Each structure stands twice: as structure tokens, then as C-alpha cells.
Amino acid sequence: MRAKRYSISTLKETPSEAEITSHRLMIRAGLIKKTASGIYSWMPLGLRVLKKIEKIIREEMDTAGAQEVLLPAIQPAELWKESGRWDQYDEGLLLKLKDRHSRDFCFGPTHEEVITDLARTELKSHRQLPINFYQIQTKFRDETRPRFGVLRAREFIMKDAYSFHSDKASLEETYQLMHSVYSKILQRMELDYRPVEADSGSIGGNASTEFHVIAESGEDVIAFSTESDYAANVELAEAIAPPSETENMLEMEKVPTPDAKTIEKVSTLLEIPEEKTIKTLLVKGSETEIVALVLRGDHTLSSVKAEKLSSVASPLRMADPEEIMTALGCQIGYIGPCNLPFPVYVDRSAAAIRNFVGGANEDGYHIRNINWHRDSKIEAIVDLREIKVGDPSPDGKGKIRLKRGIEVGHIFQLGDKYSKSMKANVLNDSGKTTALQMGCYGMGVTRLAGAVIEQNHDESGIIWPHVLAPFEAVIIPINAQKSQKVFDKTEELYAELKDLGCDVILDDRDDVRPGVKFNEWELIGVPHRLVIGEKSLKKNKIEYTHRKKGEALEISKEKAISLIN
RNA sequence: CGGCGUGUAGCGCAGUCUGGUAGCGCACUUGCUUCGGGAGUAAGGGGUCGGAGGUUCAAAUCCUCUCACGCCGACCA
């Protein structure tokens, strides 16, 4: 490739929209251009990176025996109504469309319905199983707040795979295989990543693992053990019950606490630690109007854990202040666990304390020395809170610390969730009709491009891993228009590298000064740079610089070629 | 979805308060000089000032509506 005929459009200034490094660099290097909020066009340089990501994914999926298909981007509403997700899928996220006959369609945010439909017509016998189909497809999720460039875009490219099995053991086997395939893919991209126990969210099902690329800018928080391999999304990480307190129960006492509507203020006013207070959260219930969730004052509710309670309405919604006023006659800030007219679910840690402080269900008052059972009924003791730094790891080894990550992959065991609702059955080995067991495995292709940059950059720009760089090497001649020797040597080297199959670009632009070229290629992040100028040619050398190592070496052409290959 | 903010040349911005010829830097075009780290110089091209309506002799500027984009928030009980 010659730069003279190649679209390179870098920016010196950063467009104001770009908040985080990868977004800024992708725009400045001219990899992407924004077309609308959360919708990007990929320029030639950026597309080269995407293709390389896709290539690695394809190779590993194919090696694992998965078969590539291409499913429609636009999907008929009927399938989504059959699975029940037409109305249920996180409100708004699903982009709904109508055709000219005003029939309902959506732009696929994911493809469980389509593939299950395909499976029920294609798969008839257990002898066709297990089978794993994958595709690389453009998806659309109408995020409320797209941000971070390609890391949370509305339109994005994803690799999704769906496996089908006649029993759970076979599903488990493929799930484990995909676990190792994902690890291999991320290793090949030289990423620092962690597999993380996760919530399966609206897709449904049982076991699920997220693959996170570790990055400060990540939107997810991961809880790690200091001692073991344990890692889980904070939303889900189990908070172990502390030992129950044994102090003697004291008399209950109502105390005035004007204007103390937060745990912090109550704790300061009454001179007690926050660990000796509790907060009572009222949320919408599924069977009752309202359900009370009780946490220790210093703890935070995990909305994912709360939604898992069958008596809590999903998605989680807090009760309105008016509703609370009607039910209890007090404001938010004075709610307590005593004599509540709705079921009370208590977090393990909150259940373990004695003689604690809670709201009096009367404005301006709290109660001291509340004790469970004696003063307040408990529907159940459950794990409701988010895990904190320093908590014991749920596997009993070490303590918890937190890191941020970018979710680039997510694998699930869906079981028969879709096959049951959509009647995807096969005949098993004893001739009986059974619902297909299903697994699904997603990986964000466009998101990976951004995640790689988050982990690989410096002040000058992107530092691509060799396998993903838009070009492996760039040749920059100095003053080739004046020096025939430079010109000849450049062409010779270019031809040789091309013959070796190297993905090389020759920067033959004669209207661009060397300094500009250096800066541009560092911004774009090409790993190997070869500079050819009179100075080093006199010594029969050329100048080689590795993007990451930085220092320039004067070496022979042959040596440079061997460094690149 | 709620709060706040911003829309002026491809990009970054000034001008808006106090109405009166639409500007600056980068980028782009042409010439000359330059050519090892985002050159200098001269001349140029490029705008329905997000859109609609209104006030006014006159609107980028004031008023109303609307659209788009961005940031923050959506577990303070």
C-alpha cells in the first residue's frame, strides 16, 4: 500500500465529544467518524483493524468446530413475541420498525430468537448434536446514553454463537470449550483480561461468565480475591454473612432526629458507627404493592441481587415518596423495619447486628436498640448488598479488592429457556421429544478495538499489538524526491517486504514533511517504522524504530527485515 | 427518563450580555522558499450562524416553540 493513494486523515486537535483515551485516539488517528450519536463509520485504517480482530475470532471459532452463518439484522416481531421478549426486553433498548404493510420488526440487538427458529426447523435428531453456529453481525441497541465512542455505541459489531445440545452435560462441555476459546482469542490480542462470574441479565439462563479487559475507564466493577482466581461482577459477588452479634438486647428507645434523613447524619447525631444503623429501602413488589429491603447503614443495595428475589418487581423500582407517605405517614429518611405492613427482606449483614438504629416510621424520629424477631418480623434473610473492598472472598480465600473492566465477551448456558418457549425440540436417543439445551456466546468486535487501545497507548498515540495493527510496518523515505538513492532503496525495501507477505505501507507522500509523517504514524500506532535517509544510507544502514520500545536503531536492511518478520 | 449545558466553515473556538458589514486558529486550494519531529510566506475558496415562528427599519444576538448533540444523575430512606 502506498500512502499517496491511501486515506489518512489525522487531527491535531481533539474533537470535544471524545471523553476517554480510546475514543479520542480513534478519532484523531482517523479510524472512525461519528455519523450520529452512538453510530460510527469505519474509515479504511479502522476497518483494517476490525478485519484483523474478526480474523482471529474466526480462526479460533472454526478451530473449535463452530460453523459460521449470517442471520438477518432485521427480525420479525412474531419471533420476539413468541419468546416473550417483544414487551419484556429492557424498555427502549429494542429498536422497533414497521414495514410498508405496517408489520412489526426490530433491528436485532441479539439473535436468540432467530437462531432458535432456525434450529427448530433444521435440527430434528440428537444425532445432529451438538452443533455450534456463529456469526459476525451488526447489532443495534438503543442505549439511553451512548458514550465512550465504540465502547458503548448503539450500532456495533458482535460475534455471537449459539450451541445446541441434547443434554446438559453436552452443553457444559461446549460452554467450557468456549471459555477456553475466548481466553485464547484475548491472549492472541495480547490483552490483560479476566473471566468473571456474572449475572445473565435479560438474556436469561443459568451459568454465565463475562470476559473483562482490565482498564481504568471500564464501566463495570469486578471483585477479585487477593489470594485465589475468584472474580465476579460486583453486582453479583456474594457477600458472606458476618458472625452474629451476641450482646444483650437493650430496651427500645425512640429518639428525636430532626433533619437527620441520611445514615451519615443519623450516625453523627446519635454518635454511633454507621455499622450500627440500618437502612430500609421500599421497592415495588411483584405480589405485594411494596417490599421492604433492609441493609446495614454502611452497605449499598445490589439491584441485581434484589431483582433476583421473586417477590420484588423486575426491573427494580423504588417506591414513590407519595406511596410511602400513604402507607407509613412518613418521609423517606425516617423509614424503619418495625411494624411494617409489607414483607421485610433483610440482608445477611444487617441481620447479624443487635441493638441497632433505624427509622421510626414517623418524621423526625429514629429508634435505638432495635432487635430482629423481638421488634421486627423477618420474611427472609438474603444476600442483598454489594460486596466491598476488604470483605472476605466468597470462596474463603483472601479478601476482596475491586478493579474496573470493559466487558468484551459474555458466555451463557441458556438451557431450555428459548427452546421451550419457541418449541425447539429434537428426538433423543430413546425416541422421546426433548427441548434443546442451548448455550450462547457473545464477543464485541468493535468494542474490542476500543478496549485494545485503552490498554495500549502513550502520549503520542495508539500502540497496536502486532496482530491487530492496521499496517505492520511503515517505510518513511526522507527527501526521496531529491535523492535517487533514497528513492531506489525505498522501493527495493518496499518490494521485498511485500514479497514476504508483510502488511507494509510506503509513505511516499512528497508534499508531507517528515516530522508530520513521524507524528501521524505514531498516532496511528504502526509497530515497525523504517526510515530511509541519506545519512544512514551512507553507512549502508537504515533506521528502525519499534513503536513500543521507542529508540531508533541504525541497522542493515536485512536485520530490519528479520526484526519485522 | 430527570437535571444542567452546547449548537457559528471539515475540526477547535470567539462574537450573543448591550441588535447594525460574520471573525480567529488548524485543515483545504495555488505560487515561492523550505524539507529528520505536526514549516515560513503571499494570495485564495469555503457559512441557509441547528430548524420554525415572532418582535424590530434591522436578528447569530431579543422572545416562543422545536430538533440535535454533550455532561451529570437515576441505591442519600
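Reminder, nothing fancy here: chain letters follow the sequence lines and each chain counts from 1. In this text, all values refer to a predicted model and were calculated from it rather than measured experimentally.
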Trainee: Hey, do the aromatic rings of A/Phe471 and A/Trp464 have their centres closer than 6.0 Å?
Mentor: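 Judged by ring-centre distance (under 6.0 Å), A/Phe471 and A/Trp464 do not meet the cut-off.
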Trainee: Taking any strand in view, what nucleotide pairs with B/A39 in a Watson-Crick or G-U wobble way, both distances under 3.5 Å?
Mentor: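 Partner of B/A39: B/U33.
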Trainee: Picking from B/C71, B/G37, B/C35, which would you name as closest to the side chain of A/Lys482?
Mentor: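 Given the options B/C71, B/G37, B/C35, the side chain of A/Lys482 is closest to B/C35.
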Trainee: Choosing from B/G36, B/G38, B/G70, which nucleotide comes nearest the side chain of A/Leu523?
Mentor: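 Closest nucleotide to the A/Leu523 side chain: B/G38.
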Trainee: Specify the separation, in whole Å, of atom NZ of A/Lys261 and atom C1' of B/C75.
Mentor: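 About 17 Å, once rounded to whole Å.
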Trainee: Between B/A68 and B/A52, how many Å separate the two C1' atoms, rounded to a whole number?
Mentor: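 It comes out at 14 Å once rounded to the nearest Å.
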Trainee: Could you tell me the separation between the CG atom of A/Leu328 and the P atom of B/A77, rounded to a whole number of Å?
Mentor: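 A/Leu328 atom CG is separated from B/A77 atom P by 16 Å.
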Trainee: Counting the atoms with a prime plus P, OP1 and OP2 as sugar-phosphate, which does A/Val283 contact under 4.0 Å by heavy atoms, base, sugar-phosphate, or nothing?
Mentor: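 If one applies the 4.0 Å heavy-atom cut-off, A/Val283 turns out to touch nothing in the nucleic acid.
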Trainee: So if I take every side-chain heavy atom of A/Glu13 and compare against B/A77, B/G25, B/C35, which nucleotide ends up nearest?
Mentor: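 Minimum distance to the A/Glu13 side chain belongs to B/G25.
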Trainee: Let me know the distance between CD of A/Glu143 and C1' of B/G70, rounded to the nearest Å.
Mentor: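 Taking CD of A/Glu143 and C1' of B/G70, I get 16 Å after rounding.
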Trainee: Given B/C35, B/G38, B/A77, which nucleotide is nearest the side-chain atoms of A/Ile335?
Mentor: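 Nearest to the side chain of A/Ile335 among the choices is B/A77.
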Trainee: How is A/Glu264 classified with respect to the nucleic acid when contacts are heavy atoms under 4.0 Å: base, sugar-phosphate, or nothing?
Mentor: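 Answer is nothing: A/Glu264 stays at 4.0 Å or more from every strand.
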Trainee: Expressed in angstrom and rounded to an integer, what is the separation of A/Ile20 atom CD1 from B/C71 atom C1'?
Mentor: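 Taking CD1 of A/Ile20 and C1' of B/C71, I get 14 Å after rounding.
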Trainee: Measure from the side-chain heavy atoms of A/Ile324 and tell me the nearest of B/C75, B/G36, B/A77.
Mentor: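 The nucleotide sitting nearest to the side chain is B/A77.
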Trainee: Does atom CZ of A/Phe487 have more than 12 heavy-atom neighbours from other groups under 6.0 Å away?
Mentor: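 Check fails, neighbour count at 12 or below.
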Trainee: Under 4.0 Å between any heavy atoms, over every strand shown, what does A/Lys12 touch: base, sugar-phosphate, or nothing? Just pick one.
Mentor: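 Base contact.
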Trainee: On RNA chain B, compare the nucleotides closest to A/Tyr334 and A/Ser460; which residue's is nearer the 5' end?
Mentor: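 Result: A/Ser460.
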Trainee: For A/Leu295 and B/C76, give me the distance from atom CG to atom C1', rounded to whole Å.
Mentor: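 So the two atoms are 13 Å apart, to the nearest Å.
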Trainee: Around atom CD of A/Glu496, are there more than 12 heavy atoms of other residues, nucleotides or ligands at under 6.0 Å?
Mentor: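 It does: A/Glu496 CD has more than 12 such atoms within range.
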Trainee: If you check every side-chain atom of A/Glu386, which of B/A77, B/G70, B/C75 has the closest atom?
Mentor: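 For the A/Glu386 side chain, the nearest candidate turns out to be B/C75.
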Trainee: Tell me which nucleotide, if any, is Watson-Crick or G-U wobble paired with B/G45 when both distances must be under 3.5 Å.
Mentor: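 Partner of B/G45: none.
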Trainee: Is the phosphate of B/C75 approached by A/Ser302 (side-chain N or O, under 4.0 Å from OP1 or OP2)?
Mentor: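 It does not, given that no N or O in the side chain of A/Ser302 lies less than 4.0 Å from OP1 or OP2 of B/C75.
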Trainee: Among the candidates B/G38, B/G36, B/C75, find the nucleotide nearest to the side-chain atoms of A/Asn519.
Mentor: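 Nearest to the side-chain atoms of A/Asn519, counting from C-beta on, is B/G38.
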Trainee: For B/A59 versus B/C13, give the span between their P atoms, rounded off to a whole number of Å.
Mentor: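 Taking atom P in both B/A59 and B/C13, they lie 29 Å apart.
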Trainee: Who does B/U55 pair with, Watson-Crick or G-U, both distances under 3.5 Å?
Mentor: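 B/U55 is paired with nothing.
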Trainee: For the pair made of CD in A/Glu323 and P in B/A77, what is the distance, rounded to whole Å?
Mentor: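 Result: 19 Å.
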Trainee: Sticking with atom P, work out how far B/A9 lies from B/G23, rounded to a whole angstrom.
Mentor: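 Here B/A9 and B/G23 have their P atoms 13 Å from each other.
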Trainee: Just to verify, which of A/Ile532, A/Ile542, A/Asp507 counts as forming a side chain to side chain contact (heavy atoms under 4.5 Å, CB included) with A/Ile475?
Mentor: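 Result: among A/Ile532, A/Ile542, A/Asp507, A/Ile532 is the only option passing the side chain to side chain contact (heavy atoms under 4.5 Å, CB included) with A/Ile475.
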Trainee: Just wondering, are more than 12 heavy atoms of other shown residues or ligands nearer than 6.0 Å to CZ in A/Arg374?
Mentor: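 Count over threshold, so yes.
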Trainee: From C-beta outward on A/Lys535, which listed nucleotide comes closest to its side chain: B/C35, B/C75, B/G36?
Mentor: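 Minimum distance to the A/Lys535 side chain belongs to B/G36.
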Trainee: Tell me whether the side-chain N or O atoms of A/Arg24 pair up with the base of B/G12 as donor and acceptor below 3.5 Å, since no angle test is needed here.
Mentor: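 By the distance-only test, no, there is no pair.
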Trainee: Between A/Thr14 and A/Leu281, name the one whose nearest nucleotide on RNA chain B is closer to the 5' end.
Mentor: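 Of the two residues, A/Thr14 wins.
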Trainee: Per the atom types in the model, does the base of B/G38 pair as donor or acceptor with the side chain of A/Arg28 at under 3.5 Å?
Mentor: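 Yes, a donor-acceptor pair under 3.5 Å.
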Trainee: Which part of the nucleic acid does A/Gly533 contact within heavy-atom distance under 4.0 Å: base, sugar-phosphate only, or nothing?
Mentor: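 Base contact - A/Gly533 has a heavy atom under 4.0 Å of at least one base atom.
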Trainee: To the nearest 0.5 Å, tell me how far A/Lys489 NZ sits from A/Leu493 CG.
Mentor: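 Here the rounded value is 8.5 Å.
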Trainee: Can you tell me, in whole Å, how much space there is between the C1' of B/C4 and that of B/A42?
Mentor: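 B/C4 and B/A42 have their C1' atoms separated by 47 Å.
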Trainee: Find the partner of B/G10: check Watson-Crick (N1-N3 plus N6-O4 or O6-N4) and G-U wobble (N1-O2, O6-N3) distances, both under 3.5 Å, and reply none if neither fits.
Mentor: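 Its partner is B/C26 (Watson-Crick or G-U wobble, both distances under 3.5 Å).
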Trainee: What integer distance in Å separates A/Ile27:CD1 from B/C69:C1'?
Mentor: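 Whole-Å distance recorded here is 13 Å.
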Trainee: May I ask you to say what A/Ser37 touches in the nucleic acid, namely base, sugar-phosphate or nothing, with a heavy-atom cut-off under 4.0 Å?
Mentor: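 Result for A/Ser37 = sugar-phosphate.
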Trainee: Looking at every strand, decide which applies to A/Glu522 at a 4.0 Å heavy-atom threshold: base, sugar-phosphate, or nothing.
Mentor: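 Since a base atom lies under 4.0 Å of A/Glu522, the category is base.
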Trainee: Using the P atom in both, what is the distance from B/U21 to B/C62, to the nearest Å?
Mentor: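 These two P atoms come out 15 Å apart once rounded.
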Trainee: CE of A/Met43 versus P of B/C11: gap in Å, rounded?
Mentor: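 The distance from CE of A/Met43 to P of B/C11 comes to 13 Å, rounded to the nearest Å.
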Trainee: Mind checking the C1' distance from B/U6 to B/G50? Whole angstroms is fine.
Mentor: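 B/U6 and B/G50 have their C1' atoms separated by 11 Å.
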Trainee: Say we look at B/U55 and B/G44: how far apart would their C1' atoms be, to the nearest angstrom?
Mentor: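 The same atom, C1', in both gives a distance of 40 Å.
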Trainee: Does any nucleotide pair with B/G19 by Watson-Crick or G-U wobble geometry, both distances under 3.5 Å, and what is it?
Mentor: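 Here B/G19 is not engaged in any pair, so there is no nucleotide opposite it.
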Trainee: Answer yes if the ring centres of A/His410 and A/His212 are under 6.0 angstrom apart, and no otherwise.
Mentor: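 They do not qualify: ring centres at least 6.0 Å apart.
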Trainee: Can you tell which of B/C26, B/C71, B/C75 lies closest to the side chain of A/Met318?
Mentor: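 Given the options B/C26, B/C71, B/C75, the side chain of A/Met318 is closest to B/C75.
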Trainee: For B/G38, does the base pair up with any side-chain atom of A/Thr10 as donor and acceptor (N or O, under 3.5 Å, distance only)?
Mentor: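 Indeed, a donor on one side and an acceptor on the other fall under 3.5 Å apart.
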Trainee: For A/Lys33, which contact category applies under a 4.0 Å heavy-atom criterion: base, sugar-phosphate, or nothing?
Mentor: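 No contact.
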Trainee: Please give the distance between the P atoms of B/U16 and B/A27 as a whole number of Å.
Mentor: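 Per the computed distance, 28 Å lies between those P atoms.
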Trainee: Go through the steps to decide whether A/Ile561 and A/Lys557 satisfy the test side chain to side chain contact (heavy atoms under 4.5 Å, CB included), and finish with yes or no.
Mentor: CA-CA 6 Å; A/Ile561 289 174; A/Lys557 186 186 73 182; 4.2 Å; yes
Trainee: If you only use heavy atoms from C-beta on, which nucleotide in B/C26, B/A77, B/G36 is closest to the side chain of A/Lys279?
Mentor: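 Of all the options, the side chain of A/Lys279 is nearest to B/A77.
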Trainee: Return the nucleotide paired to B/A74: Watson-Crick means purine N1 to pyrimidine N3 with N6-O4 or O6-N4, wobble means G-U with N1-O2 and O6-N3, both under 3.5 Å.
Mentor: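 Check on B/A74: unpaired, no WC or wobble geometry under 3.5 Å.
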Trainee: Taking everything shown except A/Glu216 itself, do over 12 heavy atoms lie less than 6.0 Å from its CD?
Mentor: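 Open: at most 12 neighbouring heavy atoms sit under 6.0 Å from CD of A/Glu216.
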Trainee: Any base atoms under 4.0 Å from A/Arg317, or only sugar-phosphate, or nothing? Heavy atoms, all strands.
Mentor: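 Here A/Arg317 touches no strand at all.
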